[in-house]
Amino acid sequence: MHSDYLTFRLDLTSSLLVDRANLIYSDQWDLDVRALRVLRLVCAEPDITPKAVSQQALIEKTLLSKVLAQLCTRGLIARITHSKDRRSISLRATPEGVRVAKASRKLGGKLEAELLAALSEDEREMLNRLLAKLTSSLLAECQAAENED
């Protein structure tokens, strides 16, 4: 049965978590998880390029373009000419963007704490170790495959 596969269970868990967070974030700021992830990245790295955001946030370029347009229209980020390469743009959060990012980070921490309350401290530590181990293994595989090309 497909529900026995780890990939299915992880995807289901992720979807349920994102759906829950989207309801809360949408009600609070009319933004979804993806938009807030981008906003937080821009706040964390002033003058970040859209390409770097795409890579770090794991968002495909076309979708990122829509998210950036939404954040710009809302006055949460600004596109500016990149200081080192005048042919490209970089992104910077506005004061309102910084305020929303901070508040959403705080709320996100609260939501995560509520979720993790279902696990004991040992289980939380084990979950973190197992996810880190799986991620590291998969990244190493990707790196090896890239080096073969």
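Positions are given from 1, in the same order as the sequence printed here. Both backbone and side-chain heavy atoms feed into the values below; hydrogens, waters and symmetry mates do not.
Residue pairs meeting the side-chain hydrogen bond (donor to acceptor under 3.5 Å, both in side chains) criterion with at least one partner in residues 123-132, sequence neighbours excluded, are S120-E123, E121-R124. Identified under the salt bridge (charged side-chain N to carboxylate O under 4.0 Å, His left out) test for residues 132-143, with sequence neighbours left out: none.
V53 approaches L41 most closely through the heavy-atom pair O-CD1, 4.0 Å. Listed here is the closest heavy atom pair of A69 and R79: N-NH2, 3.5 Å. Nearest approach of L64 to P50, heavy atoms of both residues: CD2-O, 3.2 Å.
When the side-chain hydrogen bond (donor to acceptor under 3.5 Å, both in side chains) test is applied to T7, no partner is found at least two apart in sequence or on another chain. Every residue two or more places apart in sequence or in another chain that forms a side chain to side chain contact (heavy atoms under 4.5 Å, CB included) with D30 is listed here: S26, R74. Under the salt bridge (Lys or Arg N to Asp or Glu O under 4.0 Å) criterion, E96 pairs with R99, not counting sequence neighbours. Looking at residues two or more places apart in sequence or on another chain, you find a side chain to side chain contact (heavy atoms under 4.5 Å, CB included) between A52 and I48, T49, Q56. Scored by the side chain to side chain contact (heavy atoms under 4.5 Å, CB included) test, Q55 finds K51 as partners (sequence neighbours excluded). For the salt bridge (Lys or Arg N to Asp or Glu O under 4.0 Å) test, residues two or more places apart in sequence or in another chain that qualify with E114 are R20. Judged as a side chain to side chain contact (heavy atoms under 4.5 Å, CB included), and not counting sequence neighbours, the contacts of R40 are Y25, L36, A101, S104, R105.
Taking CD1 of I77 as the reference point, atom SG of C72 lies at 4.0 Å (rounded to 0.5 Å). Atom CG of residue D47 and atom CD of residue E45 lie 10.5 Å apart, to the nearest 0.5 angstrom. Distance check: I89 CD1 to L91 CG gives 5.5 Å after rounding to the nearest 0.5 Å. Note that CG of D32 and CG of N22 are 5.0 Å apart. Values are rounded to the nearest 0.5 Å. Atom CD of E112 sits about 12.0 Å away from atom CG of L107, to the nearest 0.5 Å. Atoms OG and CD, from S136 and Q143 in turn, are 11.0 Å apart once rounded to the nearest 0.5 Å.
Through direct or indirect side-chain contacts shorter than 4.5 Å among Ile, Leu, Val, Met, Phe, Trp and Tyr, V98 is connected to no other residue. Under the 4.5 angstrom side-chain criterion for Ile, Leu, Val, Met, Phe, Trp and Tyr, the cluster partners of L119 are L116, L127, L131. Under the 4.5 angstrom side-chain criterion for Ile, Leu, Val, Met, Phe, Trp and Tyr, L23 has no cluster partners at all.
Inter-residue side-chain proximity for Q70 and L31 is flagged as met; some heavy-atom pair is nearer than 4.5 Å.
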Subject >> V42 and L76: CA distance, side-chain angles, deciding distance, side chain to side chain contact (heavy atoms under 4.5 Å, CB included) verdict >> reply: CA-CA 10 Å; V42 172; L76 301 174; over 6 Å; no
**OP:** For the pair L134 and L6, evaluate side chain to side chain contact (heavy atoms under 4.5 Å, CB included) and give the outcome as yes or no after the intermediate values.
**Re:** CA-CA 11 Å; L134 288 172; L6 176 62; 4.1 Å; yes
**OP:** Applying side chain to side chain contact (heavy atoms under 4.5 Å, CB included), run through F8 and T13 and close with a yes or a no.
**Re:** CA-CA 9 Å; F8 177 80; T13 302; over 6 Å; no
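Under the 4.5 Å side-chain contact rule for hydrophobic residues, V18 and L111 share a cluster. Two different hydrophobic clusters hold L115 and I24 under the rule that ILVMFWY side chains link at heavy-atom gaps under 4.5 Å. Under a hydrophobic-cluster definition in which Ile, Leu, Val, Met, Phe, Trp and Tyr are linked whenever side-chain heavy atoms come within less than 4.5 Å, directly or via other members, L58 and L71 are assigned to different clusters.
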